[in-house]
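Each chain gets a letter, A, B and so on, in the order the sequences are listed, and its residues count up from 1.
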Amino acid sequence: MAPVRVIITEKDNAARRIADILSDGTADAERRNGVNVYRWGGTRVVGLSGHVVGLDFPPEYENWRDVEPVELIDAEVVTEPTQENIVRTLSELAAEADEVVIATDYDREGELIGKEAYELVREVFDGPIERVRFSSITDREVHEAFDNPDDLDFDLAAAGEARQVIDLIWGAALTRFLSLSARQLGNDFISVGRVQSPTLKLIVDREREIEAFDPETYWELFADLTKDGDTFEAQYFYDDDGSEAERVWDEEVATTVNETVESADTATVTSVSRRTRTDSPPDPFNTTAFISAAGSLGYSAQRAMSIAEDLYTAGYVTYPRTDNTVYPDDLDPEALLDSFVGTDEFGDDAESLLALEDIEPTEGDEETTDHPPIHPTGELPAWGDLEEDEWNVYELIVRRFFATVAEAATWEHLRVVAEADGHTLKANGKRLVEEGYHAVYPYSSASENVVPDLEEGETLAIADVDLAEKETQPPRRYGQSRLIKQMEKMGIGTKATRHHIIEKLYDRGYIEDDPPQPTKLAEAVVDAAEAFADLVVSEEMTAQLERDMTAIAEGEATYEEVTEESREMLRRVFAELRESQEEIGDHLQESLKADRRLGPCPECGDELLVRRSRQGSYFVGCDGFPDCRFTLPLPSTGEPLVLEEHCEDHDTNHVKMLAGRDTFVHGCPRCAAAEADESEDRILGACPECGGEHDGELAIKQLRSGSRLAGCTRYPDCEYSLPLPRRGDIEITDEYCEEHDLPELVVQDGDEPWELGCPVCNYQEYQARQAIDDLEDLNGVGPATAEKLADAGVDSPEDLTDVDPDDLAQRTQGVTAETVREWQAELAG
DNA sequence: GCAAGGTC
C-alpha cells in the first residue's frame, strides 16, 4: 500500500486548490465530520479554518466577581480546541498518516496556525512533519514548494504566541477591572484592548478637537469675469509673506476690496499659464484601498468586506484580505482581460484595453507574499447570480483591475491672473485632454472647470462681484474607511481584522452613527486609560510588540522573556489603577448615564433615562426608581440612541432606533405616548380570529411605543394582530377584499400614496417575501436560484427543510442533491 | 461574559 501523506492548509479553499494542482485535477472530495477532505492515491488534503484552538484562562478564573482582575496577570493560560469538528478530523487523518505536510499561509500568523496543527498531530503521530511555503497558489509555486520541503519555524510561531498571550492578559485584566469598577457586568461590560483602544482614542481625540474648536470669521471675494459672452469665476487673492492667500480676516479690508473691485468694471489679464499634468492610474487593490473605494459607493467597511468574501467564496474574485499592491509575476493581464471580451458589461472596455500597445499594470509600494492584490479571477458570474450590491462591488473590483492596466489620463491646467484696480483675481481651469483610465474606471472624480482661452493684456468685463462671509470649520470626523487607513498607517490591527475592530466599537457602545461619533462612555474609558494605562491607548504598545516579536523570531529574545516583561509592566499599571478604582468607577458610571439621559420626569422631576428590562427590551424609566415608577415604552426593534435634537414641549431628547437597514427616528417618547393616548381605534371589520365566535373586531391601533397595528378589540383575550407601517396617514377605502371581508387601505406618506390593500393579504405577501429573502441568505442562492426553487414549489426555508434532496434535484435544473443537503445542513445549524 | 488573530 502507498504511504499515506496528509497535507494541512489554513482554509478549505486553499486545500481544494492545492489538491487540484498536486493531483492534476484527479482529487475527489469527501466529507469527514462535516469537513472537506480532498484525496487521491495516498494523499489527503484538509483545510483548517484559521486558528482551530484558542487561548483562555482555566475555569477557576471564569467568574468575574470571584477573581481579582490583577490575578489574571499570573494566571495559567491554556489552549483549547475551538473548532471541534476540524480538530477531530485532523486527529483521525494524522492517526492514519505516514507523513504530514503543513501548508498554512506564508506569514507569521500562518506559522502559528501551522504550529497549532503540529501540536494536534503530534498527539497521535510521531513520523515526519514537514513545512512547505509558497506565496501564491499557482502550479509552479506549489510544485516547487512541495519539491523543497522545510521545517516549521518554531521561533516565528513563538513570536505569534507571545502576541496572543499578551493581548489576552492585558485585554482581559483591564476589561474586567473597568467593568467591575463601574459595576457593568453581563452584556454591557467595558472593554479595552491593544488595537481597539488606540482606535477609540483616535475617534475621541478628534471629537475633543471638534468640541474645542473656536470658529473664526473670514471673507472671500469672487468675481464673475466675461470674455465674448463666456463667463467664468475668479477669486480674489493677495500676497501674504510670499505665499498666496484668499482668506481676508479683517472685515474692513474685505469691504474695501469689495468696493474697489465692484467699481472697477474691468480687469486686465496679467498672466496666463498652461501646463499639462499626468494623472496616473491607481494601484492594485489591497484591503484598505478596496474598503475606501467601496466606501465612496456607500458601503460600510463591514458590508464591503462581507460582500467581497462572498464573491471570493463563489470564485469570482481573489482573496479579499491582503496588504499586497503588486500583482504577482504569474498574473497574465492579457489573459485576464480576454476573459471579459464578449460580455455585455465589460466586453468593450476589455477590448479597448487589449488594443493598447503594451499592457503594464501599475504597482503600489507594498509587496507581500501571502496573497495577490484583490482582482477578478476571470471566472465570470452569470446574469442573475449576483444581487445588486454584490454586482456593484464585483464591478468595482473588475474596473479597478482594468484601471491598473489602463493608460494615464492627461489634464490641461490653465491659470489666469487678472488685475482690477490694483487687486488680483485668479481662475484655475482644468480640462481632461486624455481620458486614460477614467474611461474604464468611472469612480474617481474627473470633473472639469472650464476657463476660456485668454491672452496677456486682454481686458475682461467684471459681471458680478460677491463677498462671501465664511467661518473656519472644525476638523471632520473620521469616516470608517479613513479610520481604517489611519489604523494601517499606525501599524495597528491587520488587513483581516481592522474592519472587525470598528464593528466591535459599535457593539460595545463606544461609537454611534456613521461617521462614528464617540459616546460619553468612550470618552470616559479613554480618559481612564490615558491616566492610568497610557500604553494600552497608544500605538506604541503595538510598535513595542512588533519589535519584541521580531526579536523572538530572530532568536534574539525568548517567548518567556518577552511575556514576563509585559506582565511586569501590567503589574505596575495595576498598582496605580487600584488606588483610584472608586474614582474611575464613578466617572464611568456618570458617563454611562449621560449617554442615556432624556430629560425631566413629568411626575417627580428627576431624570428620565433609557433603561433595559430584565428581558432585554428597552424602555424609558425614571432615575428616581423605585420611589418614582414612571415609564414610557420604546419601539421593540433596534437599539435606542439618544440624539442631540430634542422636543421643546417636553424638554426631552429624541430617540433613534438603530436596526441596520430598518433604522428609524422614533422622536420624542413622550409625544409618541401622548399621541397614542389621544388616538381612537378605527374599526376595520370582524376579527379574522374570533369575529365569528366572540364578535371581536379588527381595528387600527396606535400604540404608546409609536408602532401601529391592526389588532383585535378584545385584546388581551384575543391576540390576533397584523403589523402596519409606522409612518404616514392610513386611509380606509370603500373597496373590500373579498377573501377576508376587510377594507383596502391606502397610506399617505410623502407625495405618493401607496396602496397597502387588505391588511391580511398584505401581511401574507410580506411573510412570503421574508421567506424568499431567508432562502437567498443561504450559501450560493441568488435571486435566479430562488426563482428556480419557487418553480419547484419551494418558497420558504421550511419547504426546503421538508423536501427530499434527490427529488428536488430531479425537478430543479442546475441544483444537485448534494447542494440541497448542504442548504439543509446550513438551515439546521 | 474578557483580546486579537485567523476564517465563514
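- Residue pairs that meet the salt bridge (charged side-chain N to carboxylate O under 4.0 Å, His left out) test with at least one member in residues 159-185 of chain A, sequence neighbours left out, are A:Glu109-A:Arg163, A:Lys115-A:Glu161, A:Arg163-A:Asp167, A:Asp167-A:Arg194.
- Near DNA chain B, meaning a heavy atom under 4.0 Å away, the residues from residues 151-174 of chain A are A:Arg163, A:Gln164, A:Asp167, A:Leu168, A:Gly171, A:Ala172.
- Within a 6.0 Å sphere centred on OH of A:Tyr106, other residues, nucleotides and ligands contribute 12 heavy atoms or fewer.
- Between A:Thr104 and the options A:Lys11, A:Glu111, A:Arg131, a side-chain hydrogen bond (donor to acceptor under 3.5 Å, both in side chains) holds for only A:Arg131.
- Note on A:Val192: only backbone sugar-phosphate atoms sit closer than 4.0 angstrom, heavy atoms only; bases stay farther off.
- Within the nucleic acid shown, A:Gln83 comes within 4.0 Å of at least one base atom, counting heavy atoms only.
- Sequence neighbours left out, the pairs with a member in residues 574-585 of chain A that pass side chain to side chain donor-acceptor pair (under 3.5 Å) are A:Ser181-A:Gln581.
- Note on A:Tyr61: nothing from the nucleic acid sits closer than 4.0 angstrom, heavy atoms only.
- As judged by a 4.0 angstrom heavy-atom cut-off over every strand, A:Arg194 is placed among residues touching the sugar-phosphate backbone only.
- Within the 4.0 angstrom heavy-atom criterion, only backbone atoms of the sugar-phosphate kind lie near A:Glu10; the bases stay farther away.
- For A:Lys495 and A:Phe57, each mapped to the nucleotide of DNA chain B holding its nearest heavy atom, the one lying further toward the 5' end belongs to A:Phe57.
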Side chain to side chain donor-acceptor pair (under 3.5 Å) between A:Asp12 and A:Tyr38, worked out: CA-CA 10 Å; A:Asp12 174 60; A:Tyr38 304 90; 2.8 Å; yes

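- Taking the six-membered ring where the residue is Trp, A:His371 and A:Tyr319 present tilted rings, their angle falling between 30° and 60°.
- Among the heavy atoms of the strands, none lies under 4.0 Å from A:Gly54.
- Sorted by first then second residue, the ring-ring contact (aromatic ring centres under 6.0 Å, His included) pairs that include residues 563-586 of chain A, not counting sequence neighbours, are A:Phe177-A:Phe574.
- Among the atoms of the strands shown, none is found under 4.0 Å from any heavy atom of A:Asn187.
- Map A:Gly50 and A:Leu72 each onto its nearest nucleotide of DNA chain B; the residue landing nearer the 5' end is A:Leu72.
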From CA spacing to verdict: salt bridge (charged side-chain N to carboxylate O under 4.0 Å, His left out), A:Arg303, A:Glu503: CA-CA 10 Å; A:Arg303 178 86 181 120; A:Glu503 200 61 17; over 6 Å; no

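- A:Asp105 comes within 4.0 angstrom of the backbone, heavy atoms only, and of no base.
- If you check every strand for non-hydrogen atoms under 4.0 Å, A:Arg508 touches sugar and phosphate atoms only.
- Evaluation of the salt bridge (Lys or Arg N to Asp or Glu O under 4.0 Å) rule for A:Arg39 yields A:Glu30 as partners, not counting sequence neighbours.
- Reading DNA chain B from its 5' end, the first and the last nucleotide to sit under 4.0 Å from a heavy atom of chain A are B:dG1 to B:dC8.
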